Each structure stands twice: as structure tokens, then as C-alpha cells.
Amino acid sequence: MSWKSRGYDSSQKSVVISRNLAFFLCIGCFCAGMFFTNRFWTEPEDKVLFRRATLEEGRQSVIKEDYDRKTKDGKPESSRIHGTIETLDKTISTLEMELAAARATQESIMEGSPMSESKGKRKYLMVVGINTAFSSRKRRDSVRATWMPQGEKRKKLEDEKGIVMKFVIGHSATAGGILDRAIEAEDQKHGDFLRLPHVEGYLELSAKTKIYFATAVAMWDAEYYVKVDDDVHVNIGTLAATLIRHRSKPRVYIGCMKSGPVLAQKGVRYHEPEHWKFGDEGNRYFRHATGQLYAISKDLATYISINKHVLHKFANEDVSLGAWFIGLDVQHIDDRRLCCGTPPDCEWKAQAGNVCVASFDWTCSGVCKSVERMGEVHRRCGEADTALWNNAAF
């Protein structure tokens, strides 16, 4: 009996000791945890608070400095601050455009755009895209016979002057049909086409313009990208000299700026189905370049390429282009030499030493009867060869 009692007491004592030991171990672990927690987390928290206090102090210091800088009249020196902000905005905008250009190049490589190694490295002055249609073979021939160099001269123009000239056209609704085969045969003969991944159609000119700029900026690294209609007379040397004068400006949109009426009436030419977006009936469009000829700098062509999927298309392609730039920091350059009349207008200006860049008739939105008259316009208003081949500026 006594043996069992002692055995029982010993067992009970062991249990008590084990419980006490566990209790003290828990307290010890808790204290150690608090110690190490304070050691490892207090310092970063103090640093964060210190950085916040420093930043806030700096912010308050800048605000105080701006308010303390008074003019003699006691007014804040807001002009200096505004100028600094404008400089920063322009720097950021330039960086954004450079980033967009890099993205466009990456996208063109990933999508398999037809960019050759030589074209990817070569710098060009301008790419001139001559907008044409399947039915305009005679117009193209009239351009080839006048202001567009042919054969070796056109290749020399690219190699020595950095000027690329191509007729721009898409594909027919029936892929590989007779219309496409005719263009392919013509291209084999002259080698002066830029084919777009686009289905041709008069109501699709806005889409064609968008695709042209996106394709051209992926294929050629140029300073400027030009669009011109195939019934307009152009002096290429004078055009190049005109664009060169604006090299120092990062984002330029050059053309004959206009603001025509928004036509709400159905059935009329240039009808705008989305006329309601431009305000009440009788309103006019914002300023934009007339569609016969205009030029944009590389940054703007890159912008179109990057944002082509979200840029809205209006009925008229010149309006669409202007709309894409209306909210951007773009310099609109209104140069009336890009919209001279046909003889005698352009002839008188040439005789006075003010050679026109482009000539056409407003009544026809191009040279009236251009197939028959393009030679006459070129003879009377065309520039001398020295304007193109002997100009050392390009």
C-alpha cells in the first residue's frame, strides 16, 4: 500500500514538473520572439518614417521657396514655374514617342512585317506614298512620265537622297483576282508599288491611310511620311527642301490647313454620317490638312502605328487624320505652296522664284483631266533638276 502511494506521488510530481517546464518555455519563446521582432522590424519602420518625413519636408521647402520668390510687384514667379513645367512636359512627351517607336519596331518584328535588314538600318529623309486605285493605271503612267523618277533614277533617289516613292494600293475583295494580277504585272514592270493588307474601296480611305502610315513606318526609318493623290502634280525637290526646314520640330503635321463645313445631308459628296459629333447642324470641322497632299513626322506616324486599333475613322480621310492629332501636342504647319492651282497660278509663282510644292484644281480635288494635262502642268510648273539632284541639304 505504501509502495503504491509513493509510486502514485512520484508520477503526479512528474506531471506537475512537466507542466511548469512547458509554461516557462512558452514564456521564454514569447520574450525571444518579441526581442527579435523589435530588432528586425523597428529599424526599417523608422527608416520609412524618416524617408516620409524627409520627403514631406522637401515638399514643404519647395512650396515655401516658390511662394517666397516674388517679383517686385509681390506676385509669384509663376512664369518661371510654368516654363519649367512645359520643358518637363516636352521631355516626357519626347520620351514617350521614343518608347512608342521602339514598341513599333518590336511589334513589326514579332508580326513579321516586311522590314529587311538594310531598310531597318538605313535612315531616309521621306517616304512618299502616292495613293492610287485599281482603275487608275493611266493616272499612274502620267505621274511616271512627269514628276516621279523611273528605273535607275528612282533607285538613285533612294540611295543618294533618302527619298522613297511608291504607289500605295491594297487588294481587291477577291484575293488573287484579275485586279490583283494586273497590279502584280505592273509592279513587275516598274517595281514602284507598296501593297497594303487592306481591301480597296472609296469608303475605306480612312482605313487605308491608317494602314499606309503604319506599314511605311515599319518598313522605312524616315524623318517624314507623305501622302499624295495620283492626280496631283508634285515637285519632289521642293517638297524635300520644305520638310527639311522643320527638322528641329519633333511632331509636325504639314499641309494646307482648312476647316470645311460638316455635311449632314445624305446623298451629297463628302457626307459625314457622324455629323452630330461636331455639334449643331451648320458647324465646321476643326483645322486639318487637305487630303491632296500632307506630310507628318516620324513620331506621328509611329503614334498611328501603335494606336491603329483604337483610332476612329470618319467618312473623310483628311478629317480622320486631323482628328487623330487634335488632342496631341502637334504643331500644325499651314503651307500654301502645298496647294497651288494649275497654270497659270503655279507658273506665275515659279517665274517669281516661289516654286510650288504641289498643284491641283480645287474644283476637281486634283488636276482636272490629269491624264491629259499632267504633262502640261509639269512643263509649265515643274522644278529644275538642280532642285532635286544638286541640293546638298538632302
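Quick note: residue numbers are just sequence positions, from 1. The structure displayed is predicted, hence computed values, not measured ones.
Atom OH of Tyr212 and atom CD1 of Ile130 lie 9.0 Å apart (nearest 0.5 Å). The CZ atom of Arg154 sits 8.0 Å away from the CZ atom of Arg144 when rounded to the nearest 0.5 Å. Thr209 contributes atom OG1, which lies 11.0 Å from atom CD of Glu204 (distance to the nearest 0.5 angstrom). Here the straight-line distance linking atom CD1 of Ile163 with atom CG of Leu239 works out to 8.0 Å at 0.5 Å rounding. In this structure, the separation between CZ on Arg181 and CD on Glu184 is 8.5 Å, given to the nearest 0.5 Å. Atom-to-atom distance recorded for Trp220:CH2 and Leu125:CG is 14.5 Å, nearest 0.5 angstrom.
Nearest heavy atom pair, residue Asp318 against residue Tyr253, reads O-OH, 4.2 Å. Heavy atoms only, all atoms of each residue included: Leu338 and Gly255 are closest at CD2-CA, 3.8 Å. Across Ala393 and Arg247, no two heavy atoms sit closer than the pair O-NH1, 3.9 Å. Counting all heavy atoms, side chain and backbone alike, Leu243 lies closest to Ala295 at CD2-CB, 3.8 Å. In this structure, Thr290 and Trp362 approach most closely via the heavy-atom pair OG1-CZ3, 3.7 Å. Between Arg251 and Asp299, the shortest heavy-atom contact is CG-CB, 3.8 Å.
Within a 6.0 Å radius of NZ in Lys369, no more than 12 heavy atoms belonging to other residues, nucleotides or ligands are found. Shown here is Lys249, whose NZ atom has more than 12 heavy atoms of other residues, nucleotides or ligands within 6.0 Å. Annotation: Lys161, atom NZ; neighbour count of heavy atoms from other residues, nucleotides and ligands within 6.0 Å is above 12.
A donor-acceptor pair is defined here as one N or O able to donate and one able to accept, closer than 3.5 Å; no such pair exists between the side chain of Asp229 and the backbone of Asp231. Between the side chain of Glu383 and the backbone N or O of Gly237 there is at least one donor-acceptor pair closer than 3.5 Å. In terms of modelled atom types and a separation under 3.5 Å, the side chain of Asp230 and the main chain of Arg139 share no donor-acceptor contact. The backbone N or O of Thr132 lies less than 3.5 Å from no partner atom in the side chain of Ser136, so there is not a single donor-acceptor pair. With hydrogens and angles disregarded, a donor-acceptor distance shorter than 3.5 Å links the side chain of Arg122 to the backbone of Glu158. In this structure, Arg337 contributes its side chain and Val357 its backbone to no donor-acceptor pair below 3.5 Å. Checking side-chain atoms of Lys153 against main-chain N and O of Gln150 turns up no donor-acceptor pair under 3.5 Å. Glu200 contributes a side-chain N or O that, together with a main-chain N or O of Gly170, makes up a donor-acceptor pair within less than 3.5 Å. At least one donor-acceptor pair under 3.5 Å links the side chain of Arg284 to the backbone N or O of Ser259. In this structure, Tyr294 contributes its side chain and Gly291 its backbone to no donor-acceptor pair below 3.5 Å.
For the pairing with Phe314, the ring-ring contact (aromatic ring centres under 6.0 Å, His included) check across Phe286, Trp324, Phe278, Tyr270 returns one residue only, Phe278.
When side chains are defined from C-beta on, Val199 does not count as touching Ser172, because their heavy atoms never get closer than 4.5 Å. Using a 4.5 Å heavy-atom cutoff, the side chains of Thr242 and Asp335 are in contact. Side-chain contact between Ile236 and Met126 is present, with at least one heavy-atom pair separated by less than 4.5 Å. Between Phe325 and Ile304, the closest side-chain pair of non-hydrogen atoms falls below 4.5 Å. Counting heavy atoms from C-beta on, the side chains of Ser365 and Gln292 come closer than 4.5 Å. A 4.5 Å side-chain heavy-atom check between Lys166 and Val128 finds every atom pair outside the cut-off. No side-chain heavy atom of Ser297 sits under 4.5 Å from any side-chain heavy atom of Glu223. Contact of the Glu272 side chain with the Asn316 side chain is registered, since non-hydrogen atoms from C-beta on lie closer than 4.5 Å.
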Q | Candidate pair His378 and His233, rule ring-ring contact (aromatic ring centres under 6.0 Å, His included), full reasoning | A | CA-CA 7 Å; His378 185 67; His233 180 268; 5.1 Å; yes
Q: Could you walk me through whether Cys346 and Arg380 pass side chain to side chain contact (heavy atoms under 4.5 Å, CB included), step by step?
A: CA-CA 8 Å; Cys346 57; Arg380 298 173 64 178; 6.0 Å; no
Q: Output, in order, the C-alpha distance, side-chain angles, deciding distance and verdict of salt bridge (Lys or Arg N to Asp or Glu O under 4.0 Å) for Arg140 and Glu186.
A: CA-CA 10 Å; Arg140 292 191 291 273; Glu186 190 177 345; 2.9 Å; yes
Q: Applying salt bridge (Lys or Arg N to Asp or Glu O under 4.0 Å), run through Asp221 and Lys298 and close with a yes or a no.
A: CA-CA 8 Å; Asp221 183 7; Lys298 179 183 176 180; 2.6 Å; yes
Q.
Assess the residue pair Cys381 and Cys340 against the criterion (disulfide (SG to SG under 2.5 Å)); give the C-alpha distance rounded to whole Å, side-chain angles, the decisive distance to 0.1 Å, and a yes or no.
A. CA-CA 10 Å; Cys381 300; Cys340 295; over 6 Å; no
Q | Working for side chain to side chain contact (heavy atoms under 4.5 Å, CB included), residues Lys138 and Glu372 | A | CA-CA 9 Å; Lys138 291 183 178 180; Glu372 294 82 8; over 6 Å; no
Q.
Between Ile254 and Arg245, does the side chain to side chain contact (heavy atoms under 4.5 Å, CB included) criterion hold? Intermediate values first, please.
A. CA-CA 11 Å; Ile254 307 172; Arg245 289 200 292 268; over 6 Å; no
Q: Apply the test side chain to side chain contact (heavy atoms under 4.5 Å, CB included) to residues Thr342 and Arg373: give CA-CA distance (whole Å), side-chain angles for both, the deciding distance (0.1 Å), then the verdict.
A: CA-CA 10 Å; Thr342 56; Arg373 296 185 58 228; 3.4 Å; yes
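Ion pairing between a basic and an acidic side chain is recognised when a charged N comes within 4.0 Å of a carboxylate O; Arg195 and Asp180 show such pairing. Remark: Glu317 does not engage Lys210 in a salt bridge, criterion side-chain N to carboxylate O under 4.0 Å.
Linking Ile, Leu, Val, Met, Phe, Trp and Tyr residues whenever their side-chain heavy atoms come within less than 4.5 Å leaves Val252 and Tyr303 in two separate clusters. Linking Ile, Leu, Val, Met, Phe, Trp and Tyr residues whenever their side-chain heavy atoms come within less than 4.5 Å places Leu328 and Phe213 in a single cluster. Hydrophobic cluster membership differs between Val377 and Val371, with clusters built from Ile, Leu, Val, Met, Phe, Trp and Tyr side chains linked at under 4.5 angstrom. Cluster annotation: Tyr124 and Phe394 are assigned to distinct hydrophobic clusters (Ile/Leu/Val/Met/Phe/Trp/Tyr, side-chain heavy-atom contacts under 4.5 Å, transitive). Ile183 and Val168 are assigned to two separate hydrophobic clusters, defined by single-linkage of ILVMFWY side chains at heavy-atom distances under 4.5 Å.
For the 3.5 Å distance criterion, the side chains of Asn131 and Lys208 qualify, holding a donor opposite an acceptor.
The aromatic rings of His275 and His271 lie tilted to each other, with the angle between the two planes from 30° to 60°. Taking the six-membered ring where the residue is Trp, Phe193 and Phe167 present tilted rings, their angle falling between 30° and 60°.
Figure legend: Arg287 and Tyr285 shown without cation-pi pairing, the cationic atom not lying both under 6.0 angstrom from the six-membered ring centre and within 45 degrees of its axis.
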